[in-house]
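None of these values were measured; they are calculated from a predicted model.
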Amino acid sequence: MAGEVPFRVAAEKYRSLLNEETHNTQWRHGGPPIYDVVNKLFEEGRTKEWEEGSLGETVQNAIKTWEMELSHKTNLQDFKTINPDKFKFIVNGKEGLSGEETLALGSYNALLKNTLPDKYKLYKAEEETFESSHDLFRSAFPRGFAWEVIDVYSGPPIISYKFRHWGYFEGPFKGHAPSGDMVQFYGMGTLKVDEYLKVEDVEIYYDPAELLAGLLKGSLISDQDEVNCPSITSSCPFHK
């Protein structure tokens, strides 16, 4: 749009569209995010380093960018990675969520939403807001929750791939003390893109229990423990 002025931000290696954002973009937290911490975790822990310009690198960076937009933008029309009029987000074969529905729920709630009876739910997405869900996982993974593409099986217009998601459980999660262990899970996904390479459908298939089991295995933190150690610090005996 004429008159838009790009932000002058440090170059982002894995979400290149961040380098092209304008002051007209509506950001959830007042400005574009900085990914230095999780980028460090990603570079230290990735199992696959894609050649520059390869399909794998392109897919990986496109999905990282889409996740950035979903987590940090508040107006679907500001998204550069999707076709907002056609977009659907489908998890484990369930009914697809529209772009607006996905944006309202947030990525964690969209990924973990299920129809199991309450007594079998390890995480109740319907009881969490966008903000509370992100706070939960940001607390659990203070170094970030890294993501990589480890295989790509087909190119546009239907891109299919395998991914890995990982982080270190170093902060409390829903009353469970952190273990310090790596928590990770694997999954498969497809992207349907239009002629402009904007995403129309995202389908994800994975086992949520791989993620949640690692976060709920820690011992329960008592109310007194929370009083004694109200913040997440490495010196607190209840957060080791």
Side-chain angles (χ1 to χ4, degrees), residues 12-15 18 33-50 55-72 81-82 89-94 97 102-103 105-114 121-123 125 128 130 132-153 159-174 176 178-191 199 201-218:
E12 166 56 44
K13 291 184 287 186
Y14 306 113
R15 303 161 187 86
L18 261 176
I34 297 172
Y35 281 92
D36 292 351
V37 174
V38 74
N39 283 351
K40 183 174 186 292
L41 178 67
F42 167 72
E43 290 171 352
E44 292 174 347
R46 61 187 165 185
T47 60
K48 181 89 175 218
E49 188 166 354
W50 294 99
L55 179 60
E57 184 201 45
T58 300
V59 172
Q60 179 170 264
N61 293 356
I63 296 172
K64 285 178 181 286
T65 302
W66 171 72
E67 188 282 329
M68 175 275 294
E69 292 188 307
L70 179 60
S71 296
H72 294 280
T81 56
I82 72 169
F89 185 44
I90 302 161
V91 179
N92 290 336
K94 296 192 293 290
L97 298 168
T102 308
L103 184 59
L105 282 173
S107 54
Y108 291 114
N109 285 335
L111 284 167
L112 293 167
K113 184 178 174 63
N114 64 73
K121 289 183 179 180
L122 299 177
Y123 176 93
E128 303 294 342
F130 184 111
S132 70
S133 63
H134 278 256
D135 287 345
L136 276 171
F137 285 93
R138 192 179 298 115
S139 169
F141 299 120
R143 282 194 277 164
F145 199 22
W147 188 93
E148 67 172 336
V149 166
I150 53 179
D151 275 305
V152 178
Y153 305 111
I159 302 166
S160 58
Y161 59 93
K162 183 178 181 179
F163 68 87
R164 170 179 171 252
H165 217 333
W166 78 99
Y168 287 90
F169 182 24
E170 296 170 329
F173 181 83
K174 283 193 166 292
H176 289 262
S179 66
D181 295 339
M182 178 192 290
V183 174
Q184 66 179 343
F185 67 90
Y186 293 83
M188 306 287 292
T190 63
L191 299 175
V199 178
D201 289 342
V202 175
E203 292 197 45
I204 299 292
Y205 296 90
Y206 81 110
D207 181 0
E210 279 191 274
L211 166 62
L212 294 172
L215 293 171
L216 298 176
K217 72 178 183 181

Notebook entry, point to check: Would you say the side-chain atoms of Lys94 pair up with the backbone N or O of Lys113, donor to acceptor, closer than 3.5 Å?
Noted result: yes
ask   = Is there side-chain contact between Ser133 and Leu105, with heavy atoms separated by less than 4.5 Å?
value = no
Heavy-atom nearest pair, Asn92 first then Pro208, reads ND2-CD, 4.0 Å
Taking every heavy atom of Val91 against every heavy atom of Ala110, the minimum-distance pair comes out as CG2-O, 3.7 Å
Sorted by chain and residue number, the salt bridge (Lys or Arg N to Asp or Glu O under 4.0 Å) partners of Glu210 (sequence neighbours excluded) come out as none
With sequence neighbours left out, the residues meeting salt bridge (Lys or Arg N to Asp or Glu O under 4.0 Å) with Lys48 are none
Asn61 backbone acceptor or donor facing Thr65 side chain under 3.5 Å = yes
**Study point:** Worked check of side-chain contact (heavy atoms from CB on, under 4.5 Å) between Tyr35 and Lys13
**Key:** CA-CA 9 Å; Tyr35 281 92; Lys13 291 184 287 186; over 6 Å; no
Check your understanding: Under 4.5 Å between any side-chain heavy atoms of Arg138 and Phe145, yes or no?
Key -> no
Value for OH (Tyr186) from CG (Leu211), rounded to nearest 0.5 Å, stands at 14.0 Å
In this structure, CD of Gln184 is separated from CH2 of Trp147 (nearest 0.5 Å) by 14.5 Å
(message) Within the 4.5 Å heavy-atom criterion, are Leu191 and Asp201 side-chain neighbours or not?
(response) no
Contacts of Glu203 meeting side chain to side chain contact (heavy atoms under 4.5 Å, CB included) (sequence neighbours excluded), chain-then-number -> Ile90, Thr190, Tyr205
The reported gap from CG in Leu70 to CZ in Phe130 (rounded to nearest 0.5 angstrom) is 6.0 Å
Exercise for the section: Check whether any side-chain N or O of Ser139 sits under 3.5 Å from a backbone N or O of Pro172 as a donor-acceptor pair, and report yes or no. Expected result: yes
**Val199 side chain near Trp66 side chain, heavy-atom distance below 4.5 Å** = no
So, the side chain of Gln60 versus the backbone of Val149: is there a donor-acceptor pair under 3.5 Å, distance only?
yes
Between Gly144 and Leu41 the two heavy atoms that sit nearest each other are O-CD2, 3.2 Å
Output for pair (Trp50 CH2, Ile150 CD1), nearest 0.5 Å, gives 9.0 Å
Lys174 meets the salt bridge (Lys or Arg N to Asp or Glu O under 4.0 Å) criterion, sequence neighbours left out, with Glu128
One should read off an interatomic distance between Ser71 OG and Phe137 CZ, to the nearest 0.5 angstrom, of 12.0 Å
Would you sort out whether Lys217 and Val183 count as a side-chain contact (heavy atoms from CB on, under 4.5 Å), showing the intermediate values?
-> CA-CA 11 Å; Lys217 72 178 183 181; Val183 174; over 6 Å; no
**OP:** May I ask you to test the Thr58-Val152 pair for a side-chain heavy-atom distance under 4.5 Å?
**Re:** no
With sequence neighbours left out, the residues meeting side chain to side chain contact (heavy atoms under 4.5 Å, CB included) with Ile204 are Phe89, Leu111, Tyr161, Phe163, Val202, Tyr206
Shortest non-hydrogen pair, His134 vs Gly106, comes out as NE2-CA, 4.4 Å
Residues Arg143 and Val37: closest non-hydrogen pair is O-CG1, 3.5 Å
Any donor and acceptor pair, going by atom type alone, linking the side chain of His165 with main-chain N or O of Phe185 inside 3.5 Å? no
Does Lys64 qualify as a cation-pi partner of Phe42, given the criterion of NZ or CZ under 6.0 Å from the six-membered ring centre and within 45 degrees of its axis?
yes
>> Quick check: do Leu215 and Phe169 have side-chain heavy atoms less than 4.5 Å from each other?
In response: yes
Exercise. Under 4.5 Å between any side-chain heavy atoms of Tyr123 and Asn109, yes or no?
Worked result: yes
Residues at least two apart in sequence or cross-chain that pass salt bridge (Lys or Arg N to Asp or Glu O under 4.0 Å) with Glu148, listed by chain then number, are Arg164
So do the side chains of Glu57 and Tyr14 get within less than 4.5 Å of each other, counting heavy atoms only?
no
